[in-house]
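In what follows, a single structure is set out as structure tokens and then discussed.
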Amino acid sequence: GLVVRGYKSSLDDSVIPYGLDIPSELSQQIHKKKRLDIWLHGRNNTLSEIRFLTERLQKASQFRPKNTIVLHPYGRFCNAYKFAGEEDVIESLHHVKSQYLIDNERIALRGFSMGGAGAWHLGAHYAGRWAAVAPGAGFVDTAIYQNIFSKDPKPTWWEQKLWKLYDVPPIASNFLNTTTIAYSGEIDKQKKAADLMALAFKREGIKLTHIIGPKTGHKYEPQAKEKISRQVDEAVSKGSNAYANKVKLTTYTLRHNQMKWVSIHGLAQHWNEARVEAERIEDYQFRVKTKNVTRLMLGKLKVPNRGTTKYTITIDGQQLTTTPDRHAPLMFLRSEKRWEAVKSLSQNSLAKTPGLQGPIDDAFLSRFVFVPPSNAPINKTVGEWVERELNDAISQWHRQFRGNVIIKGPSELSPLDRASNLILWGDPKSNPMIAKVAGQLPIKWTEQGIRIKDKSWPTDRFVPVLIYPNPMNPKRYIVINSGFTFSEFGHMSNSMQNAKLPDYAVLDMRVPITDRIPKGVAHAGFFGENWQLTESEGND
């Protein structure tokens with residue numbers, strides 16, 4: 001029947017609910033792998049946990065396929081399944097798999113309105129996981145949906161780059177790895193989003209299946225709904241085929257770096273398009289074409305037998321042979337214009353790698369701990385600003401992601417905390433942990449001022465914020481003086497809940513958070529692929 005459950009989130013230890021719709025016939029199929037559909041709910045600005053749980057105990061699913069468990073993630077409230085909302089879908093799915101026998105080849109992703117937007121972006125970023133993706137009436141981008149360039153203030157150059165985190169049209173090729181069935185009401189204004197995706201599909205040589213409900217607004221038309229059900233059922237019956245012979249992956253960031261048996265582990269330039277097209281020719285032969293990729297991994301589909309241990313890979317026209325350790329993936333490193341097969345992709349020096357690539361908001365996609373100041377600040381202005389920003393970050397995390405921030409002083413940090421992303425608040429005088437790492441950061445901050453290369457700012461008016469690999473634990477981040485960066489946009493359209501700052505920035509403390517973007521930012525930029533300051537990364 002209708003079941004409510006929950007799990008303890010890896011982000012902040014908060015208990016997050018989800019709902020399940022379990023057909024009665026499955027009670028007789030305990031040991032049989034089960035199909036699972038994920039349903040992403042629409043926008044509701046009053047959807048507290050209690051209201052969500054009550055609804056999940058009373059309201060049947062929009063689609064109820066036979067012999068199918070339907071998972072309803074909470075999505076951490078109302079954020080179009082981005083950031084912590086994205087992690088909630090992944091974590092709730094993982095928890096369901098730990099409790100029920102789920103067929104990994106027969107998982108479908110659906111949603112309508114805000115849930116349709118979530119289905120579009122999660123469908124694209126994780127296309128290899130889904131047997132079918134069925135988005136209904138959801139936005140797919142920021143600029144066109146918001147007609148943003150007709151409004152003031154105009155978006156900054158770094159904001160436009162950061163749209164690539166969640167805009168779907170630029171990564172439409174990923175849908176080649178699944179089956180997509182879109183739905184729109186004929187007179188629904190959100191039909192424009194599916195039309196935009198149809199054009200993006202066409203550019204990739206794909207035809208989008210777009211079912212339209214005649215004379216229908218923002219809801220499902222009954223006959224169209226039946227047609228969607230049939231087509232999704234057909235796709236799910238075929239399965240997602242994790243071992244498909246052909247895989248395509250497009251990304252702009254290492255945050256979303258994997259598709260089936262292909263994963264990207266290094267980019268020549270973040271926020272530029274990166275592509276991989278990989279094909280298995282025979283059991284031990286692959287052909288691969290790449291763009292903007294420097295480190296690549298292919299999961300082996302077969303372990304050599306018949307007396308051979310060699311694989312042949314033609315990558316960007318260059319033929320390589322490799323003999324990896326048994327069961328190890330195939331790994332390749334590009335230097336200049338040449339590829340070589342390697343045994344490991346680990347780096348001896350700092351590099352942007354999956355899960356360690358920024359921007360600031362990325363620190364809140366895995367476990368994080370706030371570490372507040374414990375001593376007197378370098379000046380009164382900084383002290384008051386930090387207190388105000390810290391309190392706002394704690395409040396906004398609860399309001400917009402429905403969790404409670406873990407807050408600990410430097411002496412209270414457990415081994416688990418120290419292995420988390422540390423969000424350090426204060427300055428080199430007020431926070432001993434900032435003092436400990438300050439000399440190892442590219443941005444210099446002392447009582448005398450802030451310096452980035454040849455630029456400087458006084459500390460009585462400006463403060464730096466940044467994300468950087470933790471010098472005490474380089475596999476995790478430190479963030480200085482920032483929560484997630486779009487908190488002031490939480491009451492607006494979900495399409496505006498995008499990262500607003502890159503890897504680092506210098507902020508004018510006189511400008512309130514609600515007015516900050518862009519006029520409160522004196523300087524901002526992205527670190528290079530080795531976490532270095534570059535000539536082109538920072539612009540006023």
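This structure is a prediction, so every number in the text was calculated from the model and none was measured. Numbers here are sequence positions counted from 1.
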Ignoring hydrogens and angles, tell me if any N or O in the side chain of [X] forms a donor-acceptor pair with the backbone of [Y] under 3.5 Å.
X	Y	result
Asn379	Val382	yes
Ser14	Ile16	no
Thr178	Trp130	yes

Table please: side-chain donor-acceptor pairs of residues 111-123 below 3.5 Å, with sequence neighbours left out.
unit_1: Ser113; atom_1: OG; unit_2: His218; atom_2: NE2; d: 2.9
unit_1: His121; atom_1: ND1; unit_2: His125; atom_2: ND1; d: 3.4
unit_1: His121; atom_1: NE2; unit_2: Tyr81; atom_2: O; d: 2.6

| message | For a side chain to side chain contact (heavy atoms under 4.5 Å, CB included) check, start with the C-alpha distance between Arg43 and Asn494, then their side-chain angles and the critical distance, and finish with the verdict. | response | CA-CA 9 Å; Arg43 178 171 179 168; Asn494 303 122; 3.6 Å; yes
| Looking at Phe52 versus Tyr74, is the centre-to-centre ring distance below 6.0 Å? |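 Centroid distance Phe52-Tyr74: below 6.0 Å, so yes.
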| request: Examine Phe526 together with Trp158 and report whether their ring centres are nearer than 6.0 Å. | output: no
Testing the basics here: between [X] and [Y], what is the closest heavy-atom pair and its distance to 0.1 Å?
X	Y	answer
Phe527	Ile467	CE1-O, 3.4 Å
Leu356	Pro474	CD2-O, 3.1 Å
Gly426	Trp445	O-CH2, 3.1 Å
Leu162	Ala499	CD1-O, 3.7 Å

Short N-O contact, [X] and [Y], less than 4.0 angstrom:
X	Y	value
Lys352	Asp503	yes
Asp417	Arg367	yes
Arg510	Asp508	yes
Lys34	Asp103	no
Asp21	Lys59	no

| field | Identified side-chain hydrogen bond (donor to acceptor under 3.5 Å, both in side chains) partner of His270 from the options Gln357, Glu529, Arg255 | value |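 Answer after filtering Gln357, Glu529, Arg255: Glu529.
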| Step-by-step side chain to side chain contact (heavy atoms under 4.5 Å, CB included) determination, Met509 to Phe462 | CA-CA 6 Å; Met509 291 184 287; Phe462 296 93; 5.7 Å; no
Are [X] and [Y] side-chain neighbours, meaning at least one heavy-atom pair lies under 4.5 Å?
X	Y	answer
Val96	Ile102	yes
Pro359	Trp271	yes
Val506	Ile452	yes
Tyr252	Pro170	yes
Leu422	Arg476	no
Glu447	Thr459	no
Val369	Ile423	no
Gln258	Leu249	no

| message | What verdict does the side chain to side chain contact (heavy atoms under 4.5 Å, CB included) test give for Leu36 and Lys97, after you've listed the backbone C-alpha separation in whole Å, the side-chain angles of each residue and the deciding distance to 0.1 Å? | response | CA-CA 10 Å; Leu36 182 136; Lys97 288 181 178 181; over 6 Å; no
Should the heavy atoms of other residues, nucleotides or ligands under 6.0 Å from [atom1] of [X] be counted, would the total exceed 12?
X	atom1	value
Lys151	NZ	yes
Lys343	NZ	yes
Asp152	CG	yes
Glu273	CD	yes
Lys436	NZ	no

| request: Kindly determine whether Ile443 and Arg451 satisfy side chain to side chain contact (heavy atoms under 4.5 Å, CB included), including the steps that lead there. | output: CA-CA 6 Å; Ile443 295 174; Arg451 177 169 289 278; over 6 Å; no
| Applying the side chain to side chain contact (heavy atoms under 4.5 Å, CB included) test to Thr250, which of His256, Met259, Lys291, Arg275 qualifies? | Arg275
| message | Phe364 and side chain to side chain contact (heavy atoms under 4.5 Å, CB included): which single residue from Phe83, Trp397, Phe401, Tyr477 fits? | response |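 Testing each of Phe83, Trp397, Phe401, Tyr477 against Phe364, the sole residue satisfying side chain to side chain contact (heavy atoms under 4.5 Å, CB included) is Trp397.
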